[in-house]
Number of protein chains: 2
Amino acid sequence: MPPMSQSRPYHHGDLRSALLASAERTLREKGAAALSLRELARDIGVSHAAPGRHFKDKQALLDALALGGYDRLNRALVAADLPDAPLEPRLTGLARAYLTFAVDNPELLELMFARKHAPDIDTQLADAADLSLGSFVRLTAEAQRRGEIVEGDPEHLTLAAAAGIHGLASLIAADALPADEALAGLDDYVHLLLHGLKPR
Amino acid sequence: MPPMSQSRPYHHGDLRSALLASAERTLREKGAAALSLRELARDIGVSHAAPGRHFKDKQALLDALALGGYDRLNRALVAADLPDAPLEPRLTGLARAYLTFAVDNPELLELMFARKHAPDIDTQLADAADLSLGSFVRLTAEAQRRGEIVEGDPEHLTLAAAAGIHGLASLIAADALPADEALAGLDDYVHLLLHGLKPR
DNA sequence: ACCTGAACACCGTTCAAGT
DNA sequence: ACCTGAACACCGTTCAAGT
């Protein structure tokens with residue numbers, strides 16, 4: 001621990017983490033548009049130029065937030081995956097974890113999927129997104145191996161399983177779909193995904 | 001036609017439309033973040049305070065753009081709907097129209113689904129979104145009446161049919177999914193939606 | 001290595017005044 | 001009714017200088 005002086009210490013100690021934490025709080029409470037580097041600096045008690053030491057510009061901070069979001073989403077999906085469960089509850093579990101993340105972090109999810117990033121960070125974000133998709137890839141691959149889902153290009157099937165869930169998450173994050181309603185109808189939704197809209 | 005003076009005429013004539021047109025061009029070319037009222041005014045050749053006459057603030061201009069987007073999306077969906085076609089090609093047609101809109105207007109679609117609008121405009125946007133959903137509502141209602149899709153809450157079924165398509169559109173708009181790939185696989189996707197991931 | 005303070009070039013918004 | 005010009009309070013970013 002660095003010694004704390006009565007007034008503002010010259011070194012913050014861990015300004016980078018403090019900026020990210022404060023930025024995410026602002027994101028959650030007031031939205032991405034209200035995020036100002038100068039205000040963050042004021043809140044933390046540091047000069048307005050200090051953030052520039054840790055993030056080359058505002059976008060770099062947003063990129064870091066987005067990467068952190070993927071990190072947590074990945075962990076949530078991996079934790080929610082039950083590899084030994086039957087297909088339908090297993091897919092429902094993954095879907096529920098994704099929707100729960102959307103409910104808890106709507107603005108962050110929007111940021112994670114906003115394509116305004118620099119080319120180099122874009123590949124990092126794409127890798128992180130692929131990691132999140134990984135849980136769904138594994139599920140479809142194993143289900144296909146067991147003959148529990150139809151034959152065909154595994155990528156197509158993964159997308160078919162995940163696109164709807166992403167759509168629901170995106171609608172929740174956009175406030176276009178009440179979260180409780182989406183979560184309540186999730187079992188039925190996954191059932192339809194597996195069994196189809198046409199009567200059997 | 002108002003008389004054109006050699007230099008800037010005092011009245012623009014139709015500044016509101018000019019602002020919207022220029023804003024949408026900027027949105028398309030440089031993204032929403034790069035949109036500045038002062039720059040729009042400069043481009044059009046009007047004082048920086050002039051936009052304030054037509055849009056109470058920047059958000060009001062973005063709201064107008066979003067509403068215009070829904071207008072065009074609605075028309076595209078209605079035009080693409082073939083009420084007498086069999087279920088699967090009919091749904092494919094609607095889906096193709098939606099994805100095409102996403103390909104052609106990625107930033108606008110993002111704006112249409114961004115929930116940063118004032119409460120009163122939010123209901124307008126929600127109404128516009130419901131209108132877009134209307135094509136899917138009619139499709140599922142009629143299909144259900146004919147016994148071509150399973151029984152159940154029509155709202156749930158509409159959502160089940162539309163969520164995946166919205167998810168694909170959102171992934172396209174976010175550059176997370178190559179547009180040509182999504183459009184090429186669309187027939188298969190709709191087939192899976194109707195027939196399910198499980199083998200029959 | 002990390003931060004400050006001043007400086008620069010931008011913003012959005014408001015408002016008296018002009019036409 | 002519609003627009004201007006000045007003014008105000010903010011931004012993000014840079015950079016010499018401080019510790």
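Every chain is numbered from 1 and lettered A, B, ... according to where its sequence line falls, protein lines coming before strand lines.
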A:Tyr70 side chain to A:Leu125 backbone, donor-acceptor under 3.5 Å:
no

Could you go step by step and tell me if B:Leu193 and B:Tyr189 meet the side chain to side chain contact (heavy atoms under 4.5 Å, CB included) rule?
CA-CA 6 Å; B:Leu193 208 53; B:Tyr189 179 78; 4.1 Å; yes

Whole-Å distance separating the CG atom of B:Asp57 from the P atom of C:dC11:
17 Å

With a 4.0 Å heavy-atom cut-off, tell me which residues in residues 19-36 of chain A come close to DNA chain D, sorted by residue number.
A:Leu35, A:Ser36

Flag for A:Tyr98-A:His166: side-chain donor and acceptor within less than 3.5 Å
yes

Give the dot-bracket line for DNA chain C from 5' end to 3' end: parentheses for intra-strand Watson-Crick or G-U pairs under 3.5 Å, square brackets for crossings, | for inter-strand pairing, dots for unpaired.
||.|||||...|||||.||

For B:Leu61 and C:dC11, give me the distance from atom CG to atom C1', rounded to whole Å.
15 Å

Could you check whether A:Asp120 and A:Gln124, counting side-chain N and O atoms only, form a donor-acceptor pair closer than 3.5 Å?
no

What is the distance, to the nearest angstrom, from the CG atom on B:Leu40 to the P atom on C:dC11?
10 Å

With a 4.0 Å cut-off on heavy atoms, is A:His48 in touch with a base, just the backbone sugar-phosphate, or nothing at all?
base

Tell me whether the side-chain N or O atoms of B:Arg38 pair up with the base of C:dT13 as donor and acceptor below 3.5 Å, since no angle test is needed here.
yes

Quick one: B:Leu37 CG to D:dC10 P, roughly how many Å, whole number?
19 Å

Could you state the CD-C1' distance from B:Glu39 to C:dC10, rounded to the nearest angstrom?
11 Å

Would you say B:Arg28's side chain and B:Asp104's backbone share a donor-acceptor pair under 3.5 angstrom?
yes

Can you figure out which of C:dT13, D:dT4, D:dC15 approaches the side chain of A:Ala49 most closely?
D:dC15

Any donor and acceptor pair, going by atom type alone, linking the side chain of B:Thr140 with main-chain N or O of B:Val137 inside 3.5 Å?
yes

Flag the pair B:Glu148 and B:Arg90 as a salt bridge only when some basic side-chain nitrogen lies within less than 4.0 angstrom of an acidic carboxylate oxygen.
no

Is it true that B:Arg96 and B:Asp187 make a salt bridge, defined as a side-chain N closer than 4.0 Å to a carboxylate O?
yes

Can you check the B:Arg53 CZ to C:dA17 P distance for me, whole Å?
15 Å

Atom CZ of B:Arg16 to atom P of D:dC3: distance rounded to whole Å?
13 Å

For B:Lys30, run the salt bridge (Lys or Arg N to Asp or Glu O under 4.0 Å) check against B:Glu24, B:Glu107, B:Glu39 and tell me which one passes.
B:Glu39

Side-chain N or O of A:Arg42 less than 4.0 angstrom from OP1 or OP2 on D:dC11?
yes

Closest-nucleotide mapping onto DNA chain D: is A:Lys56 or B:Leu15 further toward the 5' terminus? I mean the 5' end.
B:Leu15

Nearest-Å distance, NZ (A:Lys58) to C1' (C:dC11)?
11 Å

What nucleotide, of D:dT4, C:dG12, C:dA6, holds the atom closest to the side chain of B:Ser47?
D:dT4

